[in-house]
*Asks:* 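My questions will all concern the structure given below.
We're numbering straight along the sequence, starting at 1. What you see below is based on every heavy atom in this structure, not just the backbone, and it leaves out hydrogens, waters and symmetry mates.
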Amino acid sequence: MRKTGKKVIHFYNNSGNLDNVIRFLEDVQKKINYLNLNVSVEGKSIKITLFGSRDLQYLATERLKDLANRYL
């Protein structure tokens with residue numbers, strides 16, 4: 001039996017460039033398609049909440065970190 005739950009990840013847009021945030025969110029939408037996501041953007045702060053299997057959350061977290069390093 002797989003454990004499910006939610007995980008919250010926070011990112012910060014150091015550059016403040018809105019285009020980078022948009023590209024980041026577009027890639028998240030393309031690459032994370034096996035979990036439910038909620039994304040909140042307030043100023044330079046980005047909050048992503050993952051819902052689903054913990055194994056998949058772990059994999060998604062690694063991919064999100066890679067995308068954040070590329071765009072943010």
*Asks:* Does some side-chain heavy atom of L50 sit less than 4.5 Å from a side-chain heavy atom of N36?
*Replies:*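 No - every pair of side-chain heavy atoms lies 4.5 Å or more apart.
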*Asks:* Under the rule for ring-ring contact (aromatic ring centres under 6.0 Å, His included), what residues qualify as partners of F11, not counting sequence neighbours?
*Replies:*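 ring-ring contact (aromatic ring centres under 6.0 Å, His included) list for F11, sorted by chain: F24.
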*Asks:* How long is the span from the CG atom in N14 to the CG atom in N20, to the nearest 0.5 Å?
*Replies:*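 Reported value, rounded in 0.5 Å steps: 10.5 Å.
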*Asks:* Tell me if a side-chain donor or acceptor on Q57 pairs with a main-chain N or O of G52 at a distance below 3.5 Å.
*Replies:*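 Confirmed, Q57 side chain pairs with G52 backbone.
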*Asks:* If you measure from CG on L35 to OG on S53, what distance do you get to the nearest 0.5 Å?
*Replies:*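 It comes to 7.5 Å.
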*Asks:* Do Y34 and L59 have side chains that get closer than 4.5 Å, going by heavy atoms?
*Replies:*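 Yes. Closest side-chain heavy atoms under 4.5 Å.
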*Asks:* Are the side chains of R63 and T61 in contact, using a 4.5 Å heavy-atom criterion?
*Replies:*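 Not touching, per the 4.5 Å side-chain cut-off.
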*Asks:* Do V39 and L72 share a hydrophobic cluster (ILVMFWY, side-chain heavy atoms under 4.5 Å, transitive)?
*Replies:*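 Same cluster: V39 reaches L72 through Ile, Leu, Val, Met, Phe, Trp or Tyr contacts under 4.5 Å.
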*Asks:* Given side chain to side chain contact (heavy atoms under 4.5 Å, CB included), test L64 with V28 step by step and report yes or no.
*Replies:* CA-CA 7 Å; L64 287 169; V28 167; 3.5 Å; yes
*Asks:* Tell me, with the steps shown, if V41 and L25 meet side chain to side chain contact (heavy atoms under 4.5 Å, CB included).
*Replies:* CA-CA 10 Å; V41 178; L25 293 175; 4.1 Å; yes
*Asks:* Out of curiosity, K7 NZ to I48 CD1, how far, rounded to the nearest 0.5 Å?
*Replies:*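 Between atom NZ of K7 and atom CD1 of I48 there are 11.5 Å.
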*Asks:* May I have all residue pairs that pass salt bridge (Lys or Arg N to Asp or Glu O under 4.0 Å) and include part of residues 13-29, sequence neighbours excluded?
*Replies:*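 Matches after skipping sequence neighbours: D27-R70.
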*Asks:* Between K47 and V8, is any pair of side-chain heavy atoms under 4.5 Å apart?
*Replies:*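 Yes, at least one pair of side-chain atoms sits under 4.5 Å.
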*Asks:* Quick one: side-chain contact (heavy atoms from CB on, under 4.5 Å) partners of E62, sequence neighbours excluded?
*Replies:*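 Result, side-chain contact (heavy atoms from CB on, under 4.5 Å) vs E62: Y58, K65.
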*Asks:* If you measure from CG on L18 to NZ on K44, what distance do you get to the nearest 0.5 Å?
*Replies:*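 If I round to the nearest 0.5 Å, the distance is 12.0 Å.
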*Asks:* Would you kindly say whether S40 and N38 are connected by a side-chain donor-acceptor distance under 3.5 Å?
*Replies:*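 Result is no, nothing qualifies.
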